[in-house]
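A short write-up of the structure that comes next.
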Amino acid sequence: MFRPGPLIPGAFYARDADLVARDLLGQLLVDGAVALRITEVEAYGGPEDSASHARMGQTPRNQIMWGPGGHAYLYLCYGIHWMLNVVAGPLGQSSAVLIRACEPIAGLDTLLARRRKSRVAPDLLAGPGRVAQALALNGEFNGLALFRPGQLELRRGTPPDSIVAGPRVGIGYATTEDQSALRRFATGASRWVSRPKLC
DNA sequence: CGCCGGATTTAA
DNA sequence: TAAATCCGGCGA
C-alpha cells in the first residue's frame, strides 16, 4: 500500500512562480487512494505576463490567483476540460503553476476508470485536461487549500534527477516574448510528459 | 446582451 | 483535421 509523504507547508508556495513550478516537479497530488507524481508544469503570471489569465486584471474567474499561495485555481478550457493550477508567488502577485502531466503512483484502477482506459499508457496523464479528469476535478475545487488534509492534497515526493525547460503550450495569443519564455518545466528523461516533447 | 475564442482532447 | 461544448470577457 502506498504511504504518502508529509504535506507541503503553505510557505512553499509564497515564492516566485518559476521557482515553485520547478520545485513542484516530483511532488505528489494525493486524493484518497489516488496519488500522482507531478512530471510537467508551466508557470504563469508575475509582472506583465500576456499569457496569464491575470493579464486583464482581477476578474471573477481569476480572483483566486490573487489570493495566498497553495490554493487550487480551477478553470474550464474549451468548454470541456478542467485545468488544475496551484496559486504561487507573494500575495498580490497573481501567479500560478499549471499542472500539465503526472506519473501514476497509486489508485490505478480508479485512474483508469475515470480516464475510461483499460490499460496504463504513456498518455494516461499527459496533458492538463487528462490530469484533472483523472483526479475528478471540477469548479468545486476552485480555491481549495492544497496544504490542508482532507480532499486534494500536495505532499512531498521524490525530486527529479534533472529538469528540462521549454516554451509554454497553447498561448498563441500572447506576445512573442512571452510565447518564447522558458516557463515550461518537465522532469528530464521521463516518459510521463505531454507533447510537444521537451527532449 | 450577444459574440468570440480558448493554458485541450479525441476520434475520424 | 475538426468537432465537442461552455462561459468569461469585451464591445455594442
Side-chain angles (χ1 to χ4, degrees), chain A residues 13 16-18 20-22 24-25 29 36 38-67 69 71-89 93-102 104 111-144 146 152 164-187 191-198:
Chain A
Y13 308 97
D16 177 82
D18 295 74
V20 174
R22 299 175 73 102
L24 276 175
L25 294 175
L29 282 163
L36 312 182
I38 298 172
T39 56
E40 181 184 335
V41 296
E42 280 176 0
Y44 285 88
E48 310 211 354
D49 178 9
S50 64
S52 171
H53 284 177
R55 67 187 179 279
M56 329 88 158
Q58 197 162 357
T59 68
R61 177 175 66 159
N62 66 25
Q63 59 152 327
I64 197 67
M65 289 182 72
W66 269 266
H71 291 248
Y73 168 45
L74 271 292
Y75 70 91
L76 190 62
C77 191
Y78 295 100
I80 302 173
H81 308 287
W82 288 98
M83 306 276 135
L84 170 62
N85 297 253
V86 180
V87 177
Q93 270 278 345
S94 72
S95 53
V97 177
L98 173 68
I99 308 299
R100 284 198 59 86
C102 294
L111 294 175
L112 288 172
R114 288 173 177 168
R115 290 277 297 119
R116 305 183 189 193
K117 301 283 184 183
S118 54
R119 319 196 75 140
V120 174
D123 65 347
L124 181 68
L125 303 169
R130 291 165 176 166
V131 171
Q133 185 180 48
L135 290 168
L137 300 181
N138 55 55
E140 296 176 13
F141 287 77
N142 194 38
L144 181 69
L146 301 173
L152 183 63
V164 290
R168 294 170 292 181
V169 181
I171 54 167
Y173 52 84
T175 66
T176 52
E177 296 91 333
D178 288 332
Q179 284 192 54
S180 57
L182 303 181
R183 301 190 76 183
R184 177 184 178 209
F185 307 101
T187 63
R191 64 191 284 242
W192 306 104
V193 296
S194 71
R195 300 194 315 189
K197 301 287 188 189
L198 285 174

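To find a chain, count down the sequence lines: A is the first, B the second, and so on, and within it residues start at 1.
Atom P of nucleotide B:dA7 and atom CG of A:Asp178 are separated by 13 Å, given to the nearest angstrom. For the pair A:Leu98 CG and B:dG6 P, the interatomic distance rounds to 16 Å; values are reported in whole Å. Atom CG of A:Leu74 is separated from atom C1' of B:dA7 by 13 Å (rounded to the nearest Å). Atom-to-atom, CD of A:Glu42 to C1' of B:dT8 comes out at 12 Å; the value is rounded to the nearest Å. Between the CG atom of A:Leu125 and the P atom of B:dT8 there is a distance of 16 Å, rounded to whole Å. Computed from coordinates, the A:Lys117 NZ to B:dA11 C1' distance equals 10 Å when rounded to whole Å. For the pair A:Arg168 CZ and B:dA7 C1', the interatomic distance rounds to 9 Å; values are reported in whole Å.
Using a 4.0 Å cutoff on non-hydrogen atoms, the parts of residues 126-142 of chain A near DNA chain B are A:Gly127, A:Pro128, A:Gly129, A:Arg130, ordered by number.
At least one side-chain heavy atom of A:Leu112 sits under 4.5 Å from a side-chain heavy atom of A:Leu124.
The number of heavy-atom neighbours closer than 6.0 Å to CD of A:Gln58, taken from other residues, nucleotides and ligands shown, is above 12.
Here, C:dA2 and B:dG6 have their C1' atoms 16 Å apart, quoted to the whole Å. The same atom, C1', is picked in C:dT5 and in B:dC3; the two are 16 Å apart, to the nearest Å.
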Base contacts versus sugar-phosphate-only contacts with protein, heavy atoms under 4.0 Å: please encode nucleotides 2-12 of chain C as B, S and - from 5' to 3'. --BBB-SSS--
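Using a 4.0 Å heavy-atom cutoff across all strands shown, A:Arg183 reaches no nucleic acid atom at all. At the heavy-atom level, A:Ile171 lies under 4.0 Å from the strands shown only through sugar-phosphate atoms.
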Could you please spell out the steps behind the side-chain contact (heavy atoms from CB on, under 4.5 Å) verdict for A:Leu29 and A:Cys102? CA-CA 9 Å; A:Leu29 282 163; A:Cys102 294; 4.2 Å; yes
Show, in sequence, the C-alpha distance, side-chain angles and deciding distance for A:Val86 and A:Leu146, and conclude whether the side-chain contact (heavy atoms from CB on, under 4.5 Å) test is met. CA-CA 8 Å; A:Val86 180; A:Leu146 301 173; 3.8 Å; yes
Read 5' to 3' with Watson-Crick or G-U pairs under 3.5 Å, [ ] for crossing pairs and | for partners on another strand, DNA chain C gives ||||.||||||.
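The pair A:Asp178-A:Arg55 fails the salt-bridge criterion, with no side-chain N (NZ, NE, NH1 or NH2) lying under 4.0 Å from an Asp/Glu carboxylate O.
Between A:Arg116 and B:dT10, a side-chain N or O to OP1/OP2 separation shorter than 4.0 Å is absent.
Within the 3.5 Å criterion, the main-chain N or O of A:Ala17 finds no donor-acceptor partner in the side chain of A:Ser95.
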